[in-house]
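Working notes, beginning with the structure itself.
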Amino acid sequence: MDPFIEFLKRETSRVRVRRVGTSTYLVEEENSKQRMRNLPTDFIDILFLRNEPAEQVIVEKSLIRELRYRLEELEKETAKLRHRNRILETLLAICVVSIIISLFL
Amino acid sequence: MTTGVKQDVRKLEEEIKKRFVGNEEVVHVLTLNLLHERSTALVRAPRGRGKSTLMLLFLKGLFNDDYVVLSGASEIKRGEVVARLHIPSLEREGVEQVIWSAFVKARGKGIDEANRLNPYTASNIYHLLQFGEVWAYGQRFVVGDFVLFANENPADPTTFIHPPPFYDRFDVSVQLSSLSLSDKFRLQSLVEKHGSLIESMPQVMDFETLREARKEVSEVEIDVDLRATLNVLVRDLQVCIRNRDLSRVKPPALCEGCHFVHNVCSSVREGPSERAILVMYSLLKAKAWLDGSVNEDDIYRLSTYVLAHRMELVRQDRGVEELQRLLRRQREFNDERRSRKQWAILENLYRGFNRELYKLAGEIAVEDLVFAEELIRLEADWVKKGSLKPEETISSRLTSDAVKL
């Protein structure tokens with residue numbers, strides 16, 4: 001047998017193929033989902049599960065939009081908190097000054 | 001008998017390791033490389049790292065003193081490397097009697113500082129390295145089998161720039177690293193013990209025993225999965241939809257706007273030749289024979305030695321690390337291929353056209369050029385039979401990218 005065809009046949013023997021009428025289905029097995037290495041598209045796993053990234057990472061457009069939205073939201077939240085922080089700092093300073101003045105009166 | 005030959009080869013490696021400190025993997029790779037016909041190896045390192053010592057240790061262990069070393073120098077001419085005419089015969093009788101050089105006739109050959117050898121002189125031995133024969137003055141001399149070691153210091157200021165075909169003739173190239181602190185102590189003790197390391201090297205086996213080992217290695221069978229991994233790896237490094245090999249523009253400029261710009265191909269300026277496949281195949285056989293096993297990790301480890309001098313990368317300045325990075329990327333891509341089950345899809349399409357599977361294969365093909373090539377081969381037949389319209393084919397979609405150039 002041609003070694004190339006032998007290789008293809010061996011790869012096929014590792015995959016469950018179901019034929020229903022004229023349709024062919026490649027059956028996804030649970031075990032096959034466990035991969036040895038991370039793939040370039042495993043971006044969410046890298047971000048949220050702290051998985052080790054592959055050498056190159058490929059990201060879909062929609063995911064970029066999602067990430068950009070989340071970043072903007074976080075920046076807005078940070079700006080809001082910074083603003084509150086300033087107000088609180090000012091209030092604290094006024095309180096300290098008031099206490100010091102009250103001590104001398 | 002088999003065990004005896006194998007023991008001799010192991011003994012040779014051991015004796016060399018007893019005298020050559022550090023770089024254990026390099027010595028093992030060079031030993032494996034000995035185990036196929038007309039083996040050629042290039043040892044690269046800066047000055048004083050033991051390039052010549054390693055070369056001579058191997059030659060002495062195999063041939064005792066019966067080997068010939070060419071010392072690379074620009075004034076070495078063809079007569080010393082290949083052959084010269086016997087002048088008295090020519091003058092008195094008008095007969096062109098060719099005197100073949102000792103280098104050509106020797107079974108054990110060495111080229112010291114190959115980078116100092118005049119490239120025009122070096123070109124005379126290309127045919128010898130490839131086919132085991134030389135031509136001079138219209139006459140042929142069949143050398144047959146041999147062992148050749150060469151070394152060079154790429155940073156040597158008196159270096160000639162040899163063309164890529166010269167380096168492609170070497171089966172493997174190894175880089176010697178400097179010695180660690182403990183290794184330096186070992187080196188001093190060894191020199192104290194042996195005096196001259198090369199003189200102390202015994203002849204462990206003769207050339208006939210090596211040929212016997214080579215014959216046994218050639219009969220080893222390599223599993224088709226490993227062959228596939230190897231072939232896919234080399235094809236990934238060769239393939240280019242814009243025909244890089246014939247294009248005057250090379251990556252990265254060539255890759256501008258290309259659909260495959262993020263693939264491994266865009267990091268390669270000159271891909272490996274088909275010799276790489278044959279050498280790797282021989283090394284895998286040698287590994288299986290000598291070490292008793294060979295696996296996918298070995299393919300990627302040995303590839304560094306087989307590909308480093310055969311390829312030009314876009315980031316050549318990063319050296320071997322860049323090649324190793326590309327190999328890691330290619331391996332990840334190969335894992336993706338398996339998880340996509342694309343080879344099973346191709347096998348089903350080989351058995352007959354199936355529109356649903358073809359659609360799936362088409363989606364994979366636009367991400368994988370090696371897969372696309374195989375799919376395109378099948379398409380011609382389907383178009384001829386009327387199962388597929390020419391405008392529906394992957395070839396029409398992918399080649400339009402190439403035509404845009």
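In what follows, chains are A, B, ... by sequence order, proteins preceding strands, each numbered from 1. Since we're looking at a predicted model, the values are computed, not measured.
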Review point. Side chain, backbone, both or neither: which part of B:Asp223 has a heavy atom under 4.5 Å from chain A?
Key: side chain
Review point. Quick one: which residues of residues 275-285 of chain B reach chain A at under 4.5 angstrom, heavy atoms only?
Key: none
Practice item. Flag yes if more than 12 heavy atoms outside A:Glu6 fall under 6.0 Å of its CD atom; otherwise flag no. Key: yes
Exercise for review: Could you tell me which portion of B:Glu374 (side chain, backbone, both or neither) has an atom closer than 4.5 angstrom to a non-hydrogen atom of chain A?
Suggested key: side chain
Check your understanding: Does atom CD of B:Glu221 have more than 12 heavy-atom neighbours from other groups under 6.0 Å away?
Key -> no
Check your understanding: Please walk me through it: do B:Asp225 and A:Arg14 pass side-chain contact (heavy atoms from CB on, under 4.5 Å)?
Key -> CA-CA 12 Å; B:Asp225 280 348; A:Arg14 291 181 186 133; 2.3 Å; yes
Review point. For B:Glu363, which residues count as a salt bridge (charged side-chain N to carboxylate O under 4.0 Å, His left out) partner, sequence neighbours excluded?
Key: none
Review point. Excluding sequence neighbours, so at least two apart, what forms salt bridge (charged side-chain N to carboxylate O under 4.0 Å, His left out) with B:Glu392?
Key: B:Arg355
Exercise for review: Mind running side-chain contact (heavy atoms from CB on, under 4.5 Å) on A:Leu8 and B:Tyr350 for me, showing each step along the way?
Suggested key: CA-CA 9 Å; A:Leu8 292 181; B:Tyr350 253 91; 3.7 Å; yes
Practice item. Mind jotting down which residue pairs meet the salt bridge (charged side-chain N to carboxylate O under 4.0 Å, His left out) criterion with at least one end in residues 95-105 of chain A? Sequence neighbours excluded, please. Key: none
Check your understanding: Would you find more than 12 non-hydrogen atoms of other residues, nucleotides or ligands less than 6.0 Å from B:Arg318 atom CZ?
Key -> yes
Exercise for review: Please report the C-alpha distance between B:Arg338 and A:Val15 in whole Å, then the side-chain angles of each, then the deciding distance to 0.1 Å, and finally whether the side-chain contact (heavy atoms from CB on, under 4.5 Å) criterion is met.
Suggested key: CA-CA 10 Å; B:Arg338 281 179 195 139; A:Val15 177; over 6 Å; no
Exercise for review: Would you please test A:Glu11 and B:Glu347 for side-chain contact (heavy atoms from CB on, under 4.5 Å) and show each step?
Suggested key: CA-CA 8 Å; A:Glu11 286 290 322; B:Glu347 199 270 337; over 6 Å; no
Point to revise | Shortest non-hydrogen contact from A:Phe4 toward B:Leu346 | key: CZ-CD2, 4.0 Å
